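Structure, as structure tokens:
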Amino acid sequence: MRAPGDFADFYGHEHPRVLGVLSAVSGDRQAALEATDEAFVRALERWKRVSAMDSPSGWTYRVALNALRRTKRRFATEQRLLRRTRVVDVVPTVDPDLWTVVRTLPPRQCQAVVLRYVADLPEAQIADVMRITRGTVASTLADARTRLAELLGEPVLVEDS
Amino acid sequence: MSPDLDGAGRAVVNEPIADPTPVAELERRVRRRRVRRYSVVSVVALVVVVGVASAIAAMTGDDGRDDSVVVTPPPAPAGCRPVDPEGGYSNGWWVTDPSTGATATATEVWTGPTRREIRHEFGAPESAVVTPETTAELTAQAEECVDNPPVLPVEEWPARGVVVRSLEDPGVTFVVDEFGSVRGKAERSPLDEIDLPAEGGGGIWGVDPTSERLFRPSTLAWQTQWENLELPDLGGGPWSGVMQSPDLEWYLAQRIVPPDSCAPSAFFVRPDGSELQTLTGQRVGAPEEGVQLTNAVAWLGDNIAVAEFEVARSGCSVGAPGEPGLYAVQPGVAPRMLFHDRDQGGLLAATFLRLDLIRTTTTTPMTGETATTVTPHTDPPPTSPPTSPPTTVPPYDEIPAFTPVEMTREEAGALWEANGVAEYSFVWQRSCFCQPESVAPARLVVRDGRVVAAQAVDPARPILTELSEYSSVDELFELIAEYESNMSEGGTMEVRYHPHYGIPVSFDGDASPMIADEELVFGVTHIAFPR
């Protein structure tokens with residue numbers, strides 16, 4: 001099987017963003033790597049259909065976030081049933097303290113922040129990925145920034161504020 | 001300085017935690033899925049013709065075994081032949097094109113914990129006319145042999161070895177000899193027959209040479225009295241079990257370490273507690289102490305044990321041996337790789353002994369005479385040998401119509417337990433913002449608390465093929481309890497149960513009204529019990 005040429009381009013461009021989003025959301029290196037691969041394998045498998053979508057990257061983010069949820073659930077099940085001793089392999093990131101605080105936000109705020117500032121997605125696309133309205137994205141991001149400032153004890157700098 | 005979200009976000013993207021998996025590897029995974037899906041679809045198509053009822057029997061068998069459609073190994077390419085191993089872990093195969101005499105070889109090579117390469121060689125007689133298409137096809141076939149080797153009949157299994165499969169990719173169960181050579185795949189996965197929650201994958205298992213089943217010989221029983229042993233307190237985590245070596249000289253001991261610890265988790269320890277060393281042969285507390293998490297699997301024979309070394313944690317220095325996988329370990333000897341964890345997601349493994357091939361030599365002290373005996377295979381296998389799938393309607397009856405009722409989870413759980421149902425079937429459907437396969441109704445069959453088969457109710461709506469995606473009634477109770485414990489303020493949950501059996505038949509929960517995608521809705525219908 002030969003992948004369509006533009007999949008490789010898409011993959012090369014989007015991989016660091018998708019991996020970055022999952023790393024920042026989960027803080028779990030192994031889970032992030034696994035879910036990222038899963039999302040791109042699915043994209044490759046359905047590339048003809050995915051590439052024809054309005055936003056192939058939006059679809060991939062949604063699949064990746066779902067895959068991350070499943071991966072973490074599987075890890076939890078394995079730990080419980082197989083008595084495995086797996087521990088979280090914490091993602092080594094730049095600004096680890098900031099991302100650690102971001103992960104303490106409610107899940108919806110955390111996802112919105114990461115999709116906005118790591119994936120650099122516009123609000124409309126975040127709305128599509130998270131299946132919420134654009135207005136909700138805007139208010140969620142505003143709430144998240146306020147909460148982050150409270151948690152960090154100082155205002156958070158963003159280019160769009 | 002105030003934190004800069006834009007800058008921090010850009011940094012995450014510009015400094016990724018890992019390089020992308022090569023596209024060729026993604027393509028390989030797609031190919032493997034397609035082969036497996038084809039195999040599953042074929043079986044499902046067949047059973048649909050027979051009828052829904054007989055399908056359940058066809059998937060589960062009638063002899064108490066845990067057969068399952070989803071673990072049916074896909075067919076391997078024809079003509080895979082193993083490359084002679086050079087010692088240590090080896091997974092290399094070659095194929096030949098009879099019309100030209102050309103051969104292609106593919107060998108798995110690991111150049112780092114996550115760096116997997118398939119090295120190719122191609123050769124042809126000088127007189128042969130080999131087209132680029134033939135070259136590409138042969139090369140692809142050889143490569144496929146690496147991931148999906150041919151079935152190794154049980155009579156050809158080595159005397160000692162390991163059966164292992166990836167938790168990430170349960171499609172193929174590899175048979176690996178004690179030296180780390182992949183010898184083929186098991187026709188059916190004996191690992192499915194181990195009751196994991198009850199027993200783990202540990203302990204030494206015998207192989208029944210007639211049925212390819214693993215069983216636990218009474219002469220090789222697992223040590224169970226470990227709580228009485230005086231294991232040293234290493235701090236930071238409790239001991240969770242030990243297995244005694246066949247010569248009774250050592251224990252393979254496992255402990256649970258906390259998430260932030262860089263300490264090893266499995267050890268060799270003398271029965272009197274006088275000596276303790278890591279599986280990499282180091283003294284406990286030595287500066288070079290390895291830090292990879294280790295899961296004891298079992299003793300393989302003599303003083304050689306098998307353990308899984310997991311992916312090294314960040315924040316801890318990487319200890320030897322560095323790469324995740326199964327290793328043969330021995331007190332005082334460096335670990336030797338038996339199987340690489342290619343998916344980095346963990347392995348499920350059990351050691352085996354071909355008791356019909358294991359010979360024991362004994363020496364009479366007075367005369368110095370030696371005698372060799374072959375250990376007889378006396379323990380019966382735990383279940384009867386495989387039989388042909390039944391062609392009659394299976395003995396399942398749907399329960400009469402009922403009105404679901406509200407009660408507490410504890411009351412429902414008590415009802416369910418009081419009924420003591422070990423085998424049952426029901427149609428499961430959930431609702432969520434997820435892929436179509438997740439919401440398609442599936443008929444599940446449960447035995448002894450585990451989902452052993454899943455079948456699409458509507459052939460036009462494919463279902464998830466991973467049985468781990470589904471829950472038995474016992475697991476539904478766990479799921480509800482977990483959901484309940486995660487409810488935030490304003491969260492809602494409505495559960496209704498069967499009035500007599502206590503089965504949760506409808507669930508509608510929203511753990512937090514503020515969070516999208518936390519809603520969980522499912523229904524259980526068409527409950528049926530064996531006639």
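Since the model is a prediction, treat every value here as computed from it, not as a measurement. Per chain, numbering begins at 1; letters A, B, ... match sequence-line order.
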Query - Under 4.5 Å from a heavy atom of chain B, the part of Val18(A) involved - result: neither
Query raised in the report: Which atoms form the tightest heavy-atom contact between Ser23(A) and Ile17(B), and what is the distance?
Result: OG-CD1, 3.5 Å
Report summary line: Ranking Pro16(A), Ala119(A), Ala149(A), Gly153(A) by heavy-atom pairs under 4.5 Å to chain B gives rank one to Pro16(A)
Query raised in the report: In Å, rounded to the nearest 0.5 Å, how long is the span from CG of Leu26(B) to CG of Leu44(A)?
Result: 6.0 Å
Query - Asp19(B) versus chain A, the contacting section by heavy-atom distance below 4.5 Å - result: backbone
Query raised in the report: Backbone N or O of Pro22(B) within a donor-acceptor pair of the Tyr11(A) side chain at under 3.5 Å?
Result: no
Report summary line: Smallest heavy-atom separation, Arg29(A) atom then Ala18(B) atom, equals NH2-CB, 4.2 Å
Query raised in the report: Please walk me through it: do Val114(A) and Val12(B) pass side chain to side chain contact (heavy atoms under 4.5 Å, CB included)?
Result: CA-CA 10 Å; Val114(A) 171; Val12(B) 169; over 6 Å; no
Query raised in the report: Does Asp54(A) CG have over 12 foreign heavy atoms under 6.0 Å away?
Result: no
Query - side chain to side chain contact (heavy atoms under 4.5 Å, CB included) assessment of Asp4(B) paired with Leu98(A) - result: CA-CA 9 Å; Asp4(B) 170 13; Leu98(A) 174 61; over 6 Å; no
Report summary line: When the 4.5 angstrom heavy-atom criterion is applied to Leu65(A) and chain B, the contacting part is neither
**Report entry** Residues which pass salt bridge (Lys or Arg N to Asp or Glu O under 4.0 Å) with Asp474(B), listed by chain and number, not counting sequence neighbours
**Finding:** none
